Protein chains: 2
Amino acid sequence: MATGGNSDGIDWLSYPHEVLAVVLSVRRGQLCVLLWRRARAPFRGRWSLPGGGVEPDERLRDAITRHLATKVDVRELAHREQLATHSAVGRDPRARVLATAYLGLVPSDVDPALPSDTAWQPVDDLPPLAFDHHFFIDAAVERLRAKLSYTNIGFALAPHEFAISELRDIVSAALGYDVGATNLTRVLSRRHMIESTRRTASSGATGGRPATLYRFATRHLTVTDPFAVLKPPRHGADTTEH
Amino acid sequence: MATGGNSDGIDWLSYPHEVLAVVLSVRRGQLCVLLWRRARAPFRGRWSLPGGGVEPDERLRDAITRHLATKVDVRELAHREQLATHSAVGRDPRARVLATAYLGLVPSDVDPALPSDTAWQPVDDLPPLAFDHHFFIDAAVERLRAKLSYTNIGFALAPHEFAISELRDIVSAALGYDVGATNLTRVLSRRHMIESTRRTASSGATGGRPATLYRFATRHLTVTDPFAVLKPPRHGADTTEH
DNA sequence: ACAAAAGTGTTGGTCGTACACCCATGC
DNA sequence: GCATGGGTGTACGACCAACACTTTTGT
């Protein structure tokens with residue numbers, strides 16, 4: 001809590017800053033979050049979000065990437081975005097620490113090697129958590145579920161190529177309720193979010209028609225339904241100022 | 001950049017932290033942002049966002065409220081939410097400073113007394129800005145415009161009671177294009193976002209039918225259109241786990 | 001042939017925009 | 001009465017969920 005250095009003309013107070021990652025992925029049909037079991041007090045033995053400090057030459061996003069790569073061996077985030085910064089004075093009982101959390105998404109088909117003290121935990125059945133990490137997870141799940149309906153964020157949870165039924169299972173797990181494969185195909189196709197590779201998967205042991213393999217048109221976050229209502233006028237002159 | 005104190009078991013580095021406010025409001029038919037003219041280097045004479053440091057016992061949201069109240073005399077934020085935390089190493093040329101920005105909204109009918117070095121500036125025609133404040137403003141406008149279509153956030157830009165035509169002007173200014181009063185009424189009514197007071201405004205000097213006064217049903221942020229697509233199943237059992 | 005899984009056609013309902021028409025007031 | 005602005009009714013289209021039906025495979 002030293003000052004930032006009056007000699008520079010900055011007289012704002014300094015605080016320890018940590019970055020946390022809410023890494024979500026669909027595992028065994030359930031939306032899961034990557035948690036890490038604390039070895040030391042406070043909250044010894046409780047589960048917590050992976051993360052840590054920030055180096056002097058490092059942006060927050062690089063810091064969280066580094067921590068995930070070194071401590072947890074997660075290098076394959078398909079998507080990452082900042083969630084929020086928490087600043088409650090007592091959120092860490094040892095000292096005041098500001099925390100910036102990120103949302104990270106891992107496709108269901110990549111299986112990073114995890115140390116023995118980390119595990120995927122279903123978000124619907126979480127153990128008690130350390131600090132205020134519970135709030136970050138709630139915010140992450142809420143944001144993911146919201147964005148699934150008006151962006152292409154689903155690409156980050158799905159394999160590079162997939163059958164529609166696989167995607168249905170992933171989206172259903174993420175949203176927490178069943179979605180129909182029929183309408184999922186139609187909605188995503190109409191918005192040009194997915195496109196058919198012309199190839200098919202081999203049908204399973206029990207028979208059935210082989211599924212066409214699809215892929216997401218882009219692997220970058222895109223807003224696909226910007227205005228649910230109050231759309232800009234369609235015909236007539238564009239009345240936007242300037 | 002001192003450490004957080006190894007004696008506490010926290011060995012994360014500390015950084016000066018500032019809060020910034022992107023206060024938006026509709027003024028004279030334009031969406032405007034509250035800016036403050038810098039009196040000192042760096043960026044002397046440039047416009048910048050109001051804000052400042054964080055006290056040891058103060059959360060970020062309380063810090064931005066304090067700065068707005070004391071420096072700029074804005075006490076009447078109808079809505080406030082966190083936007084993002086920026087951490088680029090060179091964002092302040094003097095030293096590394098982390099910045100957390102908030103979005104604030106002021107109704108069009110409240111007119112806070114502003115010091116001479118602060119002013120409302122139209123977001124469509126901004127002067128050159130200090131630091132990276134430009135990015136925060138872009139993010140704030142983008143978030144406001146997005147939320148106008150699926151939440152009741154408009155309440156924070158409108159007076160407590162209003163005629164539909166007033167609201168149309170406010171929403172049009174915020175979105176940057178014209179919306180029709182007819183459909184605005186229908187959409188907001190169907191979603192129970194606005195309700196009629198049974199009173200009417202007196203008609204203007206030029207005549208015309210007196211307008212009914214409306215109010216927003218609630219003055220807290222509510223999501224009114226949670227799922228544009230991929231809605232939960234309507235009939236049949238709820239398949240949400242648990 | 002039959003079961004299983006994938007994909008298509010169709011229907012009905014909801015929602016939102018556009019536009020025409022009616023209502024209430026001042027002059 | 002007429003201009004002005006506020007409010008309502010209706011029509012059309014876009015979109016989406018539900019479900020029946022067809023297609024393609026394995027056994």
Side-chain angles (χ1 to χ4, degrees), chain A residues 148-150 161-172 175 177-214 224-239, chain B residues 148-150 161-172 175 177-214 224-239:
Chain A
L148 273 172
S149 61
Y150 65 94
E161 295 189 344
F162 48 85
I164 293 292
S165 59
E166 286 181 75
L167 185 61
R168 168 179 49 78
D169 293 341
I170 291 168
V171 172
S172 297
L175 287 175
Y177 55 79
D178 284 356
V179 301
T182 301
N183 298 324
L184 185 62
T185 311
R186 260 200 269 272
V187 168
L188 300 186
S189 296
R190 181 169 33 227
R191 298 185 175 177
H192 303 104
M193 283 167 63
I194 57 173
E195 54 195 24
S196 162
T197 77
R198 312 283 284 162
R199 301 183 299 103
T200 65
S202 57
S203 40
T206 96
R209 176 173 170 174
T212 309
L213 290 176
Y214 286 80
T224 56
D225 190 16
F227 296 98
V229 295
L230 308 179
K231 297 188 220 287
R234 275 195 300 251
H235 57 121
D238 183 12
T239 53
Chain B
L148 273 172
S149 62
Y150 66 93
E161 295 189 344
F162 49 85
I164 294 293
S165 58
E166 287 180 75
L167 185 61
R168 168 179 47 79
D169 292 342
I170 291 168
V171 172
S172 296
L175 287 175
Y177 54 80
D178 285 356
V179 301
T182 301
N183 299 323
L184 186 62
T185 311
R186 257 201 273 272
V187 168
L188 300 186
S189 297
R190 179 164 33 224
R191 297 184 176 179
H192 303 104
M193 284 167 63
I194 57 173
E195 55 194 23
S196 162
T197 77
R198 310 284 283 161
R199 301 183 301 103
T200 64
S202 56
S203 40
T206 95
R209 175 173 170 173
T212 309
L213 290 176
Y214 286 79
T224 57
D225 191 15
F227 296 99
V229 296
L230 307 178
K231 299 188 217 288
R234 275 197 300 254
H235 58 122
D238 183 12
T239 53

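This structure is a prediction, so every number in the text was calculated from the model and none was measured. Chain naming here is simple, since letters A, B, ... match the order of the sequence lines and numbering starts at 1 in each.
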May I ask you to verify if any side-chain N or O of [X] is less than 4.0 angstrom from the OP1 or OP2 atom of [N]?
{"X": "B/Arg168", "N": "D/dG7", "result": "no"}
{"X": "B/Thr185", "N": "D/dT8", "result": "no"}
{"X": "B/Thr212", "N": "D/dG7", "result": "yes"}
{"X": "A/Thr182", "N": "C/dT8", "result": "no"}
{"X": "A/Arg191", "N": "D/dC16", "result": "yes"}

Taking side chain to side chain donor-acceptor pair (under 3.5 Å) as the test, write out the residues that go with B/Arg199, two or more places apart.
B/Glu161
Quick one: [X] [atom1] to [N] [atom2], roughly how many Å, whole number?
{"X": "B/Ile164", "N": "C/dA24", "atom1": "CD1", "atom2": "C1'", "value": "17 Å"}
{"X": "A/Leu188", "N": "D/dC15", "atom1": "CG", "atom2": "C1'", "value": "14 Å"}
{"X": "A/Met193", "N": "D/dC15", "atom1": "CE", "atom2": "C1'", "value": "15 Å"}

Under 4.0 Å protein heavy-atom contacts per nucleotide of nucleotides 22-27 of chain D, with B for base, S for backbone only and - for none
-BBBSS
Starting from the first five and the last five pairs of the helix from C/dA1-D/dT27 to C/dC27-D/dG1, work out the angle between the resulting helix axes, to 10 degrees.
20°
Minimum heavy-atom separation for [X] and [Y], please, with both atom names.
{"X": "A/Asp178", "Y": "A/Ser172", "value": "CA-OG, 3.7 Å"}
{"X": "B/Thr197", "Y": "B/Thr212", "value": "O-CG2, 3.7 Å"}
{"X": "B/Leu213", "Y": "B/Ala201", "value": "CG-N, 3.9 Å"}

Can you tell me how far the CD1 atom of A/Ile164 sits from the CG atom of A/Leu188, to the nearest 0.5 Å?
7.0 Å
According to the interplanar angle, ranging from 0 to 90°, do the rings of B/Tyr150 and A/Tyr150 count as parallel (below 30°), tilted (30 to 60°) or perpendicular (above 60°)?
tilted
Of D/dG9, C/dG16, D/dG6, the nucleotide closest to the side chain of B/Val187 is C/dG16
Nearest to the side chain of B/Asn183 - C/dT17, D/dG7, C/dG7?
C/dT17
With sequence neighbours left out, what residues match [X] under side chain to side chain contact (heavy atoms under 4.5 Å, CB included)?
{"X": "B/Ala163", "value": "B/Ser165, B/Glu166, B/Ala211"}
{"X": "B/Arg209", "value": "none"}
{"X": "B/Arg190", "value": "none"}

Check whether the side chain of A/Arg186 and the base of C/dG7 form a donor-acceptor pair under 3.5 Å.
no
